[in-house]
Amino acid sequence: MTDSTDLSIAANWIQQSSSILIAAGAGLSASAINPHYNVGLDYTSVAAFRQLYPRMTQISSMRCMYDAIGKHDWSPELMWGYLFTHVNKCRYNWGATTVYQDLKQIISNQSIDSFAVTTNADGMFEQNKFDMTRFLSTQGDYSVLQCLKPCSRESVYDARPFIEHALPHVDPQTMEIPSKYIPRCPRCHGPMFFCVRGGDWFIESAFDEQRKRYHDFLHRAIGRKNELFTIIEIGVGFNTPSVLRWPMDQLVSKFPNVRLIRINMHAPDVPVDARKEKRAIGFDGNASNVIHQLKEMSRT
């Protein structure tokens, strides 16, 4: 059960802050319930995978969406048939969800300097119409394809035309596409993959502009030493803690004007000193419920 006193304190931080950073991990999208499928985009959920991709449970060894990461025992035709289907569904057509809309309301005050940073490549912030000039996707984005070599640092491409070209040809029984629809690099005709952090082939420079704007935001927020800077971190665990979780710990530990609200069902712990100084609070409740309560309380 979420502590009402802690909720009140966290809501008060939000009200008093001149800067707010949303730091989102997989747990946020897992709580983004799609009303049509009645599941969130939870990559570890067997039930969600069965609901979204029933045929894949019959023709492959996959039991959850996470099983596709690093998977090698499938044909290119099946891999791309599944991946194109998945990206079309989650990256372009998941739509607006309650939890993201509540977050957007929290930062809707135009006087707040806000930013969103995420390890998710699913484009949920864009689908929920957040300001994309105040956004960083640290691990890449499913809306971008790149050369897998890569043959050039400029070999990055909009994924949508490739997906739209192939989707009508996905066999509903085998989930495969004909080999001619497997994407090839337009520059060198070599293999392609989504522009995500999956190896040293990742063309991270495709997100340099986003990263610069993020660093500029942090510099501004930290520099306002007499004004509160609140971090709302949701669903960030220990899969890649060096990307978001540990940097958020460092910010609240190092700078007195920073406050940390950590929402994590399994790992809500916050830095001990910051907790003792009442500058960090952790919530282990359902992310959607906690965010909704914070939205309501911060508006009163």
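Counting from 1, the numbers follow the sequence of the chain as shown.
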* In sequence, state the C-alpha distance, the side-chain angles, and the governing distance for R262 and D249, and then conclude on salt bridge (Lys or Arg N to Asp or Glu O under 4.0 Å). => CA-CA 10 Å; R262 172 164 284 153; D249 285 350; 2.8 Å; yes
* List the steps, then state whether side-chain contact (heavy atoms from CB on, under 4.5 Å) holds for L136 with T118. => CA-CA 6 Å; L136 168 62; T118 185; over 6 Å; no
* Asked: Where do S19 and R224 land on the side-chain hydrogen bond (donor to acceptor under 3.5 Å, both in side chains) test, with the steps shown first?
  -> CA-CA 9 Å; S19 304; R224 301 184 185 110; 2.7 Å; yes
* To do: Check the pair Y100, S29 against side-chain hydrogen bond (donor to acceptor under 3.5 Å, both in side chains), reporting the backbone distance first and the verdict last.
  => CA-CA 9 Å; Y100 277 91; S29 286; 2.9 Å; yes
* Asked: How far apart are the C-alpha atoms of L167 and T85, what are their side-chain angles, what is the distance that settles it, and do they pass the side-chain contact (heavy atoms from CB on, under 4.5 Å) test?
  -> CA-CA 7 Å; L167 272 183; T85 301; 4.0 Å; yes
* To do: In sequence, state the C-alpha distance, the side-chain angles, and the governing distance for M175 and E77, and then conclude on side-chain contact (heavy atoms from CB on, under 4.5 Å).
  => CA-CA 8 Å; M175 290 297 293; E77 290 79 9; over 6 Å; no
* To do: Please step through side-chain contact (heavy atoms from CB on, under 4.5 Å) for the pair E126 and Y92, ending with a clear verdict.
  => CA-CA 9 Å; E126 182 176 353; Y92 297 112; over 6 Å; no
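Y157 and L83 fall within a single hydrophobic cluster, where Ile, Leu, Val, Met, Phe, Trp and Tyr side chains are chained together by heavy-atom contacts under 4.5 Å. M265 and L244 fall into different hydrophobic clusters, where Ile, Leu, Val, Met, Phe, Trp and Tyr residues are linked whenever their side-chain heavy atoms come under 4.5 Å apart, directly or through other members. In the hydrophobic cluster analysis, where Ile, Leu, Val, Met, Phe, Trp and Tyr join through side-chain heavy atoms closer than 4.5 angstrom, W80 is grouped together with L148. Under the 4.5 Å side-chain heavy-atom criterion for ILVMFWY residues, no single connected hydrophobic cluster contains both I203 and V196. No continuous path of hydrophobic side-chain contacts links L228 to I231 [ILVMFWY only; heavy atoms under 4.5 Å].
Scanning all heavy atoms of the two residues, the minimum distance from Y37 to W94 falls at CD1-CZ3, 4.3 Å. The two residues C147 and C188 have their closest heavy-atom pair at SG-SG, 3.7 Å. Annotation for G237 and R245: closest pair O-CD, 3.6 Å, computed over non-hydrogen atoms. The two residues R63 and T57 make their nearest non-hydrogen contact at NH1-O, 3.3 Å. Annotation for G282 and V270: closest pair N-CG1, 3.9 Å, computed over non-hydrogen atoms. A pairwise comparison of heavy atoms in I59 and Q173 identifies CG2-O, 3.8 Å as the closest pair.
The residues R275 and D269 are annotated as not salt-bridged, no charged nitrogen and carboxylate oxygen being separated by less than 4.0 angstrom. Ion pair D216/K212 flagged as a salt bridge, since at least one NZ, NE, NH1 or NH2 atom sits closer than 4.0 Å to an Asp/Glu carboxylate oxygen. Of the charged side-chain nitrogens involved, none lies within less than 4.0 Å of a carboxylate oxygen, so that R279 and D273 do not count as a salt-bridged pair.
With T240 contributing its side chain and V243 its backbone, the two residues share no donor-acceptor pair below 3.5 Å. The closest donor-acceptor contact from the side chain of Q127 to the backbone of G95 lies under 3.5 Å. A side-chain donor-acceptor contact under 3.5 Å links N93 to the backbone of N88. Judged by distance alone, the side chain of N257 and the main-chain N or O of E227 form a donor-acceptor pair under 3.5 Å. Formation of a donor-acceptor pair under 3.5 Å by the S108 side chain with backbone atoms of Q105 is found in this model. No donor-acceptor pair under 3.5 Å is formed between the side chain of D102 and the backbone N or O of K295. In terms of modelled atom types and a separation under 3.5 Å, the side chain of D141 and the main chain of V144 share no donor-acceptor contact.
Side-chain N/O atoms of Q210 and R213 include no donor and acceptor closer than 3.5 Å. For the residue pair Q101/N128, the side-chain donor-acceptor check at 3.5 Å is satisfied. Checking S288 against S31 by side-chain atom types alone, no donor-acceptor pair falls below 3.5 Å. When only modelled atom types and interatomic distance are considered, R160 and S143 share no side-chain donor-acceptor pair under 3.5 Å.
Around atom CG of D208, more than 12 heavy atoms belonging to other residues, nucleotides or ligands sit under 6.0 Å away. Atom NZ of K71 has more than 12 neighbouring heavy atoms from other residues, nucleotides or ligands inside a 6.0 Å radius. Enclosure of atom CD in E277 by more than 12 non-hydrogen atoms of other residues, nucleotides or ligands within 6.0 angstrom is indicated.
In this structure, the side chains of V236 and T119 stay at 4.5 Å or more apart for every pair of heavy atoms. Counting heavy atoms from C-beta outward, V39 and N34 have side chains that stay 4.5 Å or more apart. Under the 4.5 Å side-chain criterion, counting only non-hydrogen atoms from C-beta, I20 is in contact with I232. F84 has its side chain out of reach of V170: every pair of non-hydrogen atoms, C-beta onward, lies at least 4.5 Å apart. Here the side chains of I69 and Y66 are in contact, with some heavy-atom distance below 4.5 Å. In this structure, F125 and L28 have side chains that are in contact, with non-hydrogen atoms separated by less than 4.5 Å. For the pair F130 and M124, the minimum side-chain heavy-atom distance is 4.5 Å or more. Looking at P186 and M192, their side chains come closer than 4.5 Å, going by heavy atoms from C-beta outward.
The CG atom of L21 sits 11.5 Å away from atom CZ of R134, with the distance rounded to the nearest 0.5 Å. Taken from CG in D122 to NZ in K89, the straight-line distance is 14.5 Å, to the nearest 0.5 Å. Summarising the geometry, atom SG belonging to C195 is positioned 11.5 Å from atom CD belonging to Q139; distances are rounded to the nearest 0.5 Å. Atom CD1 of residue I14 and atom CG of residue L294 lie 4.5 Å apart, to the nearest 0.5 angstrom. With rounding to the nearest 0.5 Å, the separation of CZ in R187 from SG in C151 is 6.0 Å. For the atom pair T230 OG1 and R259 CZ, the distance stands at 7.0 Å (nearest 0.5 Å).
Taking the ring centroids of F217 and F135, they lie at or beyond the 6.0 Å cut-off. Aromatic rings of F229 and F255 (six-membered ring for Trp) have centroids beyond the 6.0 Å cut-off, not under it.
With sequence neighbours left out, the ring pair (Phe, Tyr, Trp, His ring centres under 6.0 Å) criterion links W13 to no other residue.
Ring geometry for H169 versus Y181: interplanar angle under 30°, hence parallel rather than tilted (30 to 60°). Between Y43 and H86, the ring planes lie perpendicular to each other; the angle is over 60°, past the 30° to 60° tilted range.
When each of T98, I263, I22 is tested with I291 by the rule side chain to side chain contact (heavy atoms under 4.5 Å, CB included), just one qualifies, namely I263.
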